[in-house]
S.K.: 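Sharing a structure, written as C-alpha cells. Questions coming.
Below, chain A is the first sequence line, B the second, and so on; all start at residue 1. The figures here come from the full heavy-atom set of this structure, side chains too, leaving out hydrogens, waters and symmetry mates. Predicted model, so just to flag it, every value in this text is computed and none were measured.
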Number of protein chains: 2
Amino acid sequence: MPPKTEEQFAEIRNEKTKLIMETALQLFANNGFDNTSISAIAKHAAISKGLMYNYFDSKDSLLKAVIMSGMDNFMHFLQVEDENNIEREELIRFIDGNLESIKQNTDYYKLYFSLVFQPKVFSLLGNDFILIFEQLINKLVLYFSQKEEKNPYVKTRLLLAIFDGVGIHYISDPESFPLNDIRELIIEMI
Amino acid sequence: MPPKTEEQFAEIRNEKTKLIMETALQLFANNGFDNTSISAIAKHAAISKGLMYNYFDSKDSLLKAVIMSGMDNFMHFLQVEDENNIEREELIRFIDGNLESIKQNTDYYKLYFSLVFQPKVFSLLGNDFILIFEQLINKLVLYFSQKEEKNPYVKTRLLLAIFDGVGIHYISDPESFPLNDIRELIIEMI
DNA sequence: TATCTTTGACCAATCGTTCAGTCAAAAAAA
DNA sequence: TTTTTTTGACTGAACGATTGGTCAAAGATA
C-alpha cells in the first residue's frame, strides 16, 4: 500500500501543475517566452528547477500546456452553441464573452500575440486554432447572410479582426481604453 | 589622407548598416528576437559576427535601430499633415497609407506585435510611440467631432484598434484576408 | 605606408536538461 | 504505541550547448 492515497497524490500534482503553469504564463507574457528561463519560473513559484521537469517534459511542453489551457478558457467564455442557426442575442453573448475574456486573461492574450507569428511555435499547437477559427467564420457568415448584409464574408473577417485589435489596445492601455463604450459601437455594427 | 574618401567610407557603412538591419528584421520577425542569435544574422547577411559590432553597440541597440527605422517608414506612409483641421479626403489617405504600410512591411508588424507587450522592450523605445499615438487620437477626435459623431473619442479608439486588428489578421493569412473589401467597410464607417 | 573594414577564435555567462539522492508522510508490522 | 518500510514529490549540483560580446590580427585600397 502506498504512503498516500492516489487521490492525495493526484491533488498534489494538480495544484503544483497549476502553480507552475500560472507562474509560467505570467512570466512568458510579460518577459517573453525565450527571455524567461526555467530558473526564473522555479524561483517565482518557489520550487526547484528540477521539479518543473517532474511535471513537464520540456520548456516547449510547458508552453504548449499553458497556451492550450488558455484556449480552453477562452472557449468557455464564448459559449457558442453547436446549432447552425445563430440569433442576434447569441451573437451579442459571443461578443460579450470575447470582451470579458480579454479583461480577465490579459496575460494569455499578451503571450498569444507575441508568439502567433512564429512558425515554430504555431506548429507546436497543431491546427486546433485554424479549425476553431473556421468554425467561427462559418457561423458569422451565416448570421450576416440572414441579415442580408452586402458582403457577409468580408463583414465577418472584419468583425474577427476587430476583436483582436480591441484586445491589443485594451491590453496596452487598460485604464484609458473605453472597452464598454466600444462594445456598444460593435453591437451597432452587427 | 585616408585610403578612401570620407564619402566612399560613408557609403560602405550605409550599405552594410542597411544590410544588417534588413537581415535582422527578417529573422527577428519570423523567429523571435531572443531566438535569433547574432551569429545567425551574420550568417544570413554573409558577414562576420564581429562586423555587426562594428556597426551596432549591442543586440539591443540593433533591435532599437530596426524598430525605429520601421516606425519612420510607417510615418512616411501616413503623410499626416500638421494642420489641426482634417478633411475626409485626408483621413481616407491616412487609412490607405496604413493599409499599404501593412502590406509592404509585414515583417515589421510581426516584430512590433511580438515585442510591444514586453516592458523591457517598450522602455527601450522611449515614448515616441505614445506621443505619435496621442497626436493621432487628437486629430481623429477632431474629425469625428466635426462629423457630429455621438462619441468622437470612442469612435477614434475603435478605429485605431481596427487598424491593428486588420494588420494582425492580414499578416496571419495574407492570401485569404480580403484587405481591399475591408478597406471599403472601414471607409463606410468614417 | 597609413587607415579603415573585416575576420573568427575566444571568453564568461547563461541556458535547458538530467539525475543521484533526500525527505516527509502514511501504511504495515511489531 | 512504536518501529519499519515504502512511496513519489522534491532538490540542486553538474553537463554540454549556445549565447552576446571582445579583440588582436589580416585584408584591402589609395
Side-chain angles (χ1 to χ4, degrees), chain A residues 1-25 27-28 31-67 111 115 118 120-121 124, chain B residues 1-25 27-28 31-67 111 115 118 120-121 124:
Chain A
M1 279 289 275
K4 293 189 181 178
T5 65
E6 271 187 37
E7 288 79 15
Q8 280 175 312
F9 278 127
E11 201 188 324
I12 289 176
R13 290 189 72 83
N14 272 338
E15 277 183 16
K16 275 287 151 66
T17 304
K18 199 178 151 194
L19 170 67
I20 293 172
M21 285 174 65
E22 282 172 354
T23 308
L25 172 60
L27 293 175
F28 287 166
N31 305 332
F33 172 70
D34 289 303
N35 205 27
T36 301
S37 66
I38 303 290
S39 302
I41 297 171
K43 197 172 180 180
H44 274 79
I47 60 167
S48 73
K49 206 155 73 147
L51 188 60
M52 199 284 282
Y53 285 92
N54 200 321
Y55 290 98
F56 298 93
D57 289 338
S58 64
K59 196 186 176 187
D60 277 0
S61 158
L62 171 59
L63 172 65
K64 186 174 176 178
V66 167
I67 293 186
L111 177 61
L115 292 179
Q118 293 187 32
K120 183 190 152 197
V121 176
L124 198 77
Chain B
M1 276 287 280
K4 295 188 179 178
T5 65
E6 270 188 39
E7 288 78 15
Q8 283 174 311
F9 278 129
E11 202 187 323
I12 289 177
R13 290 190 74 82
N14 272 336
E15 279 183 15
K16 277 284 152 66
T17 304
K18 200 178 150 192
L19 169 68
I20 293 172
M21 283 173 66
E22 282 172 355
T23 308
L25 172 59
L27 293 175
F28 287 166
N31 305 331
F33 172 71
D34 289 301
N35 207 27
T36 300
S37 66
I38 303 290
S39 303
I41 297 171
K43 198 173 182 179
H44 273 79
I47 61 166
S48 70
K49 196 159 85 154
L51 190 60
M52 199 285 284
Y53 285 93
N54 198 324
Y55 291 97
F56 298 93
D57 290 339
S58 64
K59 196 186 177 187
D60 277 359
S61 157
L62 172 59
L63 172 66
K64 185 175 177 177
V66 166
I67 293 185
L111 179 60
L115 292 179
Q118 294 185 33
K120 181 190 154 197
V121 176
L124 199 76

S.K.: Could you tell me which residues satisfy side chain to side chain contact (heavy atoms under 4.5 Å, CB included) with Tyr53(B), sequence neighbours excluded, listed by chain and number?
M.R.: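 With neighbours one apart ignored, the set is Ile38(B).
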
S.K.: When you compare the side chain of Phe56(B) with that of Met21(B), does any pair of heavy atoms fall below 4.5 Å?
M.R.: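 Counting from C-beta outward, Met21(B) and Phe56(B) do come under 4.5 Å.
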
S.K.: Can you sort out which residues in residues 51-60 of chain A have a heavy atom within less than 4.0 Å of DNA chain C? Ascending by number, please.
M.R.: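 Correct list: Tyr53(A), Ser58(A), Lys59(A).
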
S.K.: Give the minimum heavy-atom separation between Leu111(B) and Ile67(B), together with the two atoms involved.
M.R.: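 What the structure gives for the nearest pair is CD2-CG1, 4.1 Å.
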
S.K.: Can you tell me if Lys16(A) touches the phosphate of dC10(D), counting only side-chain N or O atoms and a distance under 4.0 Å to OP1 or OP2?
M.R.: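 Yes, within the criterion.
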
S.K.: Minimum heavy-atom separation for Leu62(B) to Ala24(B), with atom names?
M.R.: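 Of all heavy-atom pairs spanning Leu62(B) and Ala24(B), the closest is CD2-CB, 3.8 Å.
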
S.K.: Please say which of Leu115(B), Val66(B), Val121(B) ends up in a side chain to side chain contact (heavy atoms under 4.5 Å, CB included) with Phe33(B).
M.R.: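 Only match with Phe33(B) under side chain to side chain contact (heavy atoms under 4.5 Å, CB included): Leu115(B).
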
S.K.: Can you tell me how far P of dA13(C) sits from CG of Asp34(B), to the nearest Å?
M.R.: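 To the nearest whole Å, that distance equals 20 Å.
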
S.K.: CG of Asn35(A) versus P of dT14(C): gap in Å, rounded?
M.R.: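 One finds 13 Å between P of dT14(C) and CG of Asn35(A), rounded.
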
S.K.: Starting at atom CD of Glu15(B), determine the distance to atom P of dT5(C), rounded to an integer number of angstrom.
M.R.: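 For the pair Glu15(B) CD and dT5(C) P, the rounded distance is 14 Å.
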
S.K.: Where along residues 37-45 of chain A does a heavy atom fall under 4.0 Å from DNA chain C?
M.R.: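 Heavy-atom cutoff 4.0 Å gives Ser37(A), Ile38(A).
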
S.K.: Compare every heavy atom of Ser58(B) with every heavy atom of Ser61(B), then report the nearest pair and how far apart it is.
M.R.: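 Heavy atoms of Ser61(B) and Ser58(B) come nearest at N-OG, 3.1 Å.
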
S.K.: Suppose we call a contact any N or O donor and acceptor under 3.5 Å apart; does that hold for the side chain of Lys49(B) and the base of dT7(C)?
M.R.: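 Looking at the base of dT7(C), it does not pair with any donor or acceptor on the side chain of Lys49(B) (distance under 3.5 Å).
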
S.K.: So, using side chain to side chain contact (heavy atoms under 4.5 Å, CB included) as the criterion, who are the partners of Lys16(B) when residues are at least two apart?
M.R.: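 Only Leu19(B), Ile47(B), Leu51(B), Tyr55(B) meet the side chain to side chain contact (heavy atoms under 4.5 Å, CB included) criterion with Lys16(B).
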
S.K.: Counting the atoms with a prime plus P, OP1 and OP2 as sugar-phosphate, which does Thr36(B) contact under 4.0 Å by heavy atoms, base, sugar-phosphate, or nothing?
M.R.: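 Touches sugar-phosphate only.
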
S.K.: For Lys120(A), check side chain to side chain contact (heavy atoms under 4.5 Å, CB included) against everything at least two apart and list the hits.
M.R.: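 Listed in chain order: Asp60(A), Asn35(B).
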
S.K.: Nearest whole angstrom, please: distance from the C1' of dC10(D) to the CG of Leu19(A).
M.R.: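 Result: 13 Å.
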
